[in-house]
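One structure below.
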Amino acid sequence: MHRTARRPSAPNRLSRSRRRLLAGCAAVAATLGLAACGTASGALQPPSAAATSGTASPADARPSGTAATALTPTPGSDAVPPGAGSPAASPSSPSAPAKPHPTAATGTPLSATPTAPATPTAPAADPSSPAAPPPHTGAGTVIGSTASGGRTVALTFDDGPGPATGQILDLLAQYHAKATFCQIGQNAAANPAMVKRILAAGHRLCDHSVHHPQPFAKLPHDKAAYEITAARNMILQAGGPGTEVGWFRAPGGGFNADNEHITASLGMSSLGWSVDPRDWARPGTPAIVSAVQKQLKPGGVVLMHDGGGDRGQTVAALKQLLPWLVAQGYTFDFPAA
């Protein structure tokens, strides 16, 4: 039987055209950073997040804005704990927001990311030096002036009672000066005799938290309430019957609306300052004296420290400042309440 030879079928023109279209589409997509064509019509499809970056990391899945873990330096010290990094919200060195890392999802090639100029590495912080206090961020009720106004000054001492407290009391007595002592709860509980001596000399007391955690404004409500309330109770117990605690000073000046509300609910005022000679950093006695003399205006509140480390420079500076204040016509007052 004679068979007619079957001619090979011609290539499918539609399939060949479709392949050319898809190949051209893929080339365009590679140039524009888009995914390959995903439809028969050749429409360019933007890449999905999963296709671009792969599986999301656990860090990416976390919601932002979670409260920071409270830092707990040695009681009575303003020092930055090891590993805590730079002081939070320092007015002289604010923390820069982290830049997002460029990825294919943003359309920015990694190689095109501009490289920031190298920044000189700052000297390692002295672990015994405290964090610089940030600006007050509370609800506007933080006190930074004396009760009487006029040519008065309120001297305040933080982080005690400490080894320097007795020397400071002796100096204050020589000039008939009154001061306010912002005490760490644990330090007050450990030295009730000094708390009683402060009260007997006519000075006043201020709550400065139990453990001095920083950044204080980042604490969740329950933790802040404990730090404020428990410290107040420790100071009251150390002082004995009739003791009053009129103010709360947030560690590092870390006030916010929540901790100011807690403070007010306990019958205390939020105490800030208007003069900071940075004595906690031990810059030298002349620097402490000069800072107070330059920054002080009538009705000012001076921040110094009687605890939290070696306060020899503070004592030496006070020996010069007290006679200077008297010579300038200042009288000693307590903060407003």
Side-chain angles (χ1 to χ4, degrees), residues 71-81 126-133 154-174 177-214 216 227-228 230-240 243 245 247-253 271 273 275-285 288-289 292 301-322 335:
L71 306 178
T72 53
T74 303
S77 170
D78 284 324
V80 179
D126 180 354
S128 63
S129 297
L155 301 177
T156 66
F157 297 92
D158 283 14
D159 296 351
T165 306
Q167 294 174 274
I168 290 173
L169 289 173
D170 291 340
L171 287 170
L172 293 173
Q174 290 180 29
K178 302 304 179 188
T180 302
F181 289 82
C182 300
Q183 299 187 325
I184 299 295
Q186 288 189 342
N187 290 353
N191 199 347
M194 187 60 72
V195 178
K196 291 178 173 66
R197 180 182 168 186
I198 290 170
L199 292 171
H203 306 294
R204 296 188 184 177
L205 301 178
C206 168
D207 179 340
H208 198 39
S209 81
V210 177
H211 302 103
H212 204 287
Q214 288 183 272
F216 197 82
E227 288 287 336
I228 298 170
R232 176 179 176 270
N233 292 340
M234 291 175 181
I235 296 167
L236 291 173
Q237 184 173 0
T243 300
V245 180
W247 301 269
F248 168 72
R249 173 174 279 165
L271 178 59
W273 58 85
V275 178
D276 180 10
R278 300 169 68 87
D279 67 319
W280 41 262
R282 299 190 292 278
T285 298
I288 297 171
V289 172
V292 173
V301 177
V302 180
L303 168 66
M304 290 186 286
H305 295 74
D306 65 321
D310 180 359
R311 297 303 166 216
Q313 292 182 11
T314 301
V315 173
L318 200 59
K319 290 179 180 178
Q320 299 179 42
L321 286 170
L322 286 170

* To do: With side-chain contact (heavy atoms from CB on, under 4.5 Å) as the test, would you mind laying out the steps for Phe157 and Leu169 before giving the verdict?
  => CA-CA 11 Å; Phe157 297 92; Leu169 289 173; over 6 Å; no
* To do: Rounded to the nearest 0.5 Å, what's the gap from CG on Asn233 to CD1 on Ile228? Could you check?
  => 12.0 Å
Throw together a table of side-chain donor-acceptor distances under 3.5 angstrom for residues 188-201, partners on residues two or more places apart or in other chains.
from	atom 1	to	atom 2	distance (Å)
Asn191	OD1	Met194	N	3.4
Lys196	NZ	Ala238	O	2.6
Arg197	NH2	Asp170	OD1	2.6

* Side-chain touch Leu322/Gln174, heavy atoms, less than 4.5 angstrom -> no
* To do: List for me each residue that meets side-chain hydrogen bond (donor to acceptor under 3.5 Å, both in side chains) alongside Asp207, sequence neighbours excluded, and say none if there are none.
  => none
* Got a second to check how far Asp158's CG is from Cys206's SG, nearest 0.5 Å? -> 7.0 Å
* Can you tell which of Val275, Asp276, Thr156, Leu155 makes a side-chain contact (heavy atoms from CB on, under 4.5 Å) with Val301? -> Thr156
* When you look at Gln183 and His208, which way does the side-chain contact (heavy atoms from CB on, under 4.5 Å) test go after all the steps? -> CA-CA 5 Å; Gln183 299 187 325; His208 198 39; 5.7 Å; no
* How far does SG of Cys182 sit from CZ of Arg204, to the nearest 0.5 angstrom? -> 13.0 Å
* **Value rounded to 0.5 Å, distance of OG1 in Thr243 from CZ in Arg232** => 11.0 Å
* Quick one: closest heavy-atom pair of Val289 and Gln320, and the distance? => CG2-OE1, 3.8 Å
* Asked: Under 3.5 Å, is there a donor-acceptor pair between the side chain of Glu227 and the main chain of His211?
  -> yes
* **Heavy-atom check, side chain of Ile184 versus side chain of Val210, under 4.5 Å** => no
* Could you walk me through whether Ile288 and Gln313 pass the side-chain contact (heavy atoms from CB on, under 4.5 Å) check? -> CA-CA 8 Å; Ile288 297 171; Gln313 292 182 11; 3.9 Å; yes
* To do: Could you tell me if the ring centre of Phe181 sits under 6.0 Å from that of His203?
  => yes
* In chain order, what residues pass the side-chain contact (heavy atoms from CB on, under 4.5 Å) check against Gln237, with sequence neighbours excluded? -> none
* Asked: Looking at NE2 of His305 and OG1 of Thr314, how far apart are the two atoms once the value is rounded to the nearest 0.5 Å?
  -> 8.0 Å
* For Thr165, side-chain hydrogen bond (donor to acceptor under 3.5 Å, both in side chains) partners two or more places apart -> Asp306
* Asked: Quick one: ring-ring contact (aromatic ring centres under 6.0 Å, His included) partners of Phe216, sequence neighbours excluded?
  -> Phe248
* Does a salt bridge link Asp279 with Arg311, judged by any charged N lying under 4.0 Å from a carboxylate O? -> no
* To do: Using the test side-chain hydrogen bond (donor to acceptor under 3.5 Å, both in side chains), find all partners of Ser209 that sit at least two apart in sequence or belong to another chain.
  => none
* List the steps, then state whether side-chain contact (heavy atoms from CB on, under 4.5 Å) holds for Trp273 with Val302. => CA-CA 6 Å; Trp273 58 85; Val302 180; over 6 Å; no
